[in-house]
Amino acid sequence: MPDGAKRPIKPGTSGADVAKAISPSLLKRTVAMVLNGTLSDLAEPINADATIKFVTRTDPEALELIRHDTAHVLAEAVQDLWPGTQVTIGPVIENGFFYDFAKAEPFTPEDLPRIEKRMSEIIAKNAPFTRQVWSRDKAKAYFKEKGELFKVELVDAIPPGEDVKIYNQGAWLDLCRGPHMASTGAIGKAFKLTRHSGSYWRGDAQGKPLQRIYGTAFADEKDLAAYLKQIEEAEKRDHRKIGREMDLFHFQEEGPGVVFWHAKGWATFQQLIAYMRRRLAEDYQEVQGPQLLDKSLWETSGHWGWYSDNMFAVKSATAFMNPNDDTAEQRVFALKPMNCPGHVQIFKHGLKSYRDLPLRLAEFGCVHRYEPSGALHGLMRVRGFTQDDAHIFCTEEQLEAECLKINDLMMSVYKDFGFKEVVVKLATRPAKRVGTDAMWDHAEGILRKVLGKMAAEDSRIKTGINEGEGTFYGPKFEYTLRDAIGREWQCGTTQVDFNLPERFGAFYIAADGEKKQPVMVHRAICGSLERFLGILLEDCAGHLPLWIAPVQAVVTTIVSDADAYAKQVHAKLKKLGLRTEIDLRNEKINYKVREHSLAKVPVMLVVGKREAEEGKVSVRRLGSQEQTVMTLEEALTMLKSEAMPPDLARE
RNA sequence: GCCGCAAUAGCUCAGUCGGUAGAGCACGUCAUUCGUAAUGACGGGGUCACAGGUUCGAAUCCUGUUUGCGGCACCA
């Protein structure tokens, strides 16, 4: 027992029996147990010495069970309402659960309340969850008979030696690994179906289409309400909404997935580039490759073969309109989807010596990818974007140090932007790949070692492995950040490449005078600058740090008598290099304060008659109603130092 | 690309049973000179995403297309 007490029991006694023996009221409020550290049903027999902790429905451990049980009840409700619907899987996910159904007619938005109602009825019946272990044959025969063909497949997929477990809730049953709570009544009332969508059997777009329902559940209704409120608040931080409010960028129908950057958004974009450029100055050489290159080059690089579905091809407009006209130049170019082939050409131009390595070529490269229409998402997923890309040509021996160096830069940059948590995942060899197993073993080995070091050295880094998710040309690290509602987006990346140097015949002259193929590392810190800014906007809810804010300060007057003074203030701010605006409109100060607050200008310098006479300014910060009156000189000194980008401030 | 939903003024949205378009904010003009989140009056602004169809008549019903939103799949 958690309190250290020991109880002798007979082998085979269930958790429920143990609880009951302690006290019937304990049994009544217990929904599951942690047996030897593993969350289990109360029905689980205990066959040897064990540690037991009983779990009530309000314990943190129970949340997963509540959600999983709710998913089962959802499945029962759907089969009640639409007989003939097949059930597939219904796992617990972050913040809730989903269940996938095979149903000819898709769900409609009106179906969700109907299903919820039926679920409430099922929960009210409070049928116990009971577990049975069936033979494989029995389970297959049963599900086949019922027409549950997906369940038959799932039974087949259970590893030999593992029990085929069936959970009943009243008359309804499901194949399930468990565990579950004692009865459906333990679910309570704090559940909600949140949305529905299409999905695919086994996540395969070639597989059978399924209908998914998402929901969430909590131990009590207050928690559910708080969660829904939190989501609602987070949605207000959507970068697409903030972008409009701050007049940063827009999209329009003629340009799906390409950004119109407005003056303000572009000011911030340029600050981001300027910052990154300073961070690279010491170690990298900045280059710029061409936007269009002949299709043949992309065939050589392999991109045409692997990704032509996602590339833009370009011809002259004449050739495009007259495909059979021999006199028109029919040559096909591709809009670059990556900068690497360009960088390899630059590396190859002129003989390189081992003394030149590591050679780090950086580019703020604008790339275009023909992303599937359904993937487009504001600034986060676009068809034309700018990468803070770089390629490092180095020797085998230099690889590990280079990866660590990249990670240091990555984390330092993320810190400057205030990101508290970064998830780094190592993506290993995919099924379709180039290179020998020995090469993969070697490169993955180095990256694993580097991943371990990262986790040990920086508490902000959470690490993991994405098995089989590497690129076709090598393993990679994915650095992911989250948006306002918790969706993960890959930003930074470090990728080892077995493919390109060989395909393009890149080499350097080694110390022994022999030609040697360099190791190539792709890396991006922000990844897509568009995406990075989208994440940043959501992370700070549009309240950008002063140094990167599009408009850093607005000088605004209370009366027109202060206009001349306001202009002086504005001119001095400009001279300091601050991005400022002046608002001399004949409007009430309340109106102006409101407007600039909504536009999320970090600093307002308000001047009236008093300030003009005394050579002062009244400083008001975004998000605060406080006003601080200070001399103009004090304000200038303060703002100049505050507007210093973090890297320059460190110096 | 797949499933569902949506598209009306610059923005947020209303528009009932199919009868010919409306509000607030924004914008313009005028008045107002005001001390920290909306001053008032007046005015301009619409191919109701686009293309077909049904109908005497379509923002409204049907079909297709485009774009967006939520997932799925994809993400070099």
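This is a predicted model, so every value here is computed, not measured. Letters A, B, ... are given to chains in the order of the sequence lines, protein chains preceding strands, and every chain is numbered from 1.
Aromatic ring centres of A/F419 and A/F532 lie closer together than 6.0 Å. For A/H522 and A/Y473, the distance between ring centers is under 6.0 angstrom. If you look at A/F101 and A/Y99, their ring centroids are closer than 6.0 Å. Here the two rings, on A/F260 and A/H250, have centers that are under 6.0 Å apart.
Rounded to an integer number of Å, the gap from OH of A/Y591 to P of B/rG40 is 11 Å. For the pair A/E614 CD and B/rG35 P, the interatomic distance rounds to 16 Å; values are reported in whole Å. Per the geometry, CG belonging to A/D583 stands 18 Å off P belonging to B/rU33, to the nearest Å. One interatomic measurement links the two molecules: CD1 of A/I589 to P of B/rU33, which rounds to 16 Å at whole-angstrom precision. Atom-to-atom, CE of A/M246 to P of B/rA26 comes out at 20 Å; the value is rounded to the nearest Å. Across the protein-nucleic acid pair, A/E245 atom CD and B/rA26 atom P stand 15 Å apart, rounded to whole Å. Distance A/D563 CG to B/rG35 C1': 15 Å, rounded to the nearest Å. The nearest whole Å value for the distance from the CZ atom in A/R585 to the C1' atom in B/rA26 is 11 Å.
Across all strands shown, B/rA58 forms no Watson-Crick or G-U wobble pair with both distances under 3.5 Å. Pair assignment for B/rU20: none, as no Watson-Crick or G-U wobble contacts are both less than 3.5 Å. Across all strands shown, B/rU67 forms a Watson-Crick or G-U wobble pair, both distances under 3.5 Å, with B/rA6. In a base pair of the Watson-Crick type (N1 to N3 plus N6-O4 or O6-N4) or a G-U wobble (N1-O2 and O6-N3), with each distance short of 3.5 Å, B/rG44 is matched with no nucleotide. Partner assigned to B/rA31 is B/rU39, using Watson-Crick or G-U wobble distances below 3.5 angstrom.
Put simply, the side chain of A/R620 does not reach to within 4.5 Å of the side chain of A/E626, judged on heavy atoms. Under the 4.5 Å side-chain criterion, counting only non-hydrogen atoms from C-beta, A/R114 is in contact with A/L81. Within the 4.5 Å cutoff, side-chain heavy atoms of A/T494 are placed close to those of A/Y479.
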- List the protein contact pattern of nucleotides 62-76 of chain B with one symbol per nucleotide (5' to 3'): B for base contact, S for sugar-phosphate-only contact, - for none; contact means a heavy-atom distance under 4.0 Å. ----BSSSBBBBBBB
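Between A/K609 and A/Q211, the residue anchored closer to the 5' end of RNA chain B is A/Q211, taking for each the nucleotide with the nearest heavy atom.
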Considering only nitrogen or oxygen atoms on both sides, find all protein atoms under 3.5 Å from nucleotides 43-48 of chain B and state each distance.
none

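One finds no side-chain N or O of A/N590 lying less than 4.0 angstrom from the OP1 or OP2 phosphate oxygen of B/rU36.
Separation of the C1' atoms belonging to B/rG24 and B/rG18 is 28 Å when rounded to the nearest angstrom. Atom C1' of B/rC75 sits at a distance of 13 Å from the matching atom of B/rG1, rounded to the whole Å. Nucleotides B/rA59 and B/rA21 have their C1' atoms positioned 8 Å apart, rounded to a whole Å. When the P atom is used for both B/rA14 and B/rA6, the distance is 12 Å, rounded to whole Å. If you take atom P in B/rU20 and the same atom in B/rA58, they sit 12 Å apart, rounded to whole Å. Taking the C1' atom of each, B/rG43 and B/rC5 are spaced 38 Å apart, rounded to whole Å. Distance check on atom C1': B/rU54 versus B/rC62 gives 7 Å, rounded to whole Å. Atom P of B/rU8 sits at a distance of 40 Å from the matching atom of B/rG35, rounded to the whole Å.
Between the A/R237 side chain and the A/A541 main chain, no donor and acceptor come within less than 3.5 Å of each other.
In summary, the side chains of A/H196 and A/D111 do not present any donor paired with an acceptor at a separation below 3.5 Å, with no hydrogens or angles considered.
By the 4.0 Å N-to-carboxylate-O rule, A/R202 lies close enough to A/E153 to be salt-bridged with it.
For the segment residues 551-561 of chain A, residues with any heavy atom less than 4.0 angstrom from an atom of RNA chain B are, sorted by number, A/I558, A/V559, A/S560.
When each of A/D483, A/L481, A/T480 is tested with A/W489 by the rule side-chain contact (heavy atoms from CB on, under 4.5 Å), just one qualifies, namely A/D483.
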- Could you walk me through whether A/W440 and A/F498 pass the ring-ring contact (aromatic ring centres under 6.0 Å, His included) check? CA-CA 9 Å; A/W440 281 91; A/F498 308 134; 5.3 Å; yes
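Using cut-offs of 30° and 60° on the angle between ring planes, the pair A/H377 and A/H239 is tilted.
Anti is the glycosidic conformation of B/rC25, whose angle departs from 0 by more than 90°.
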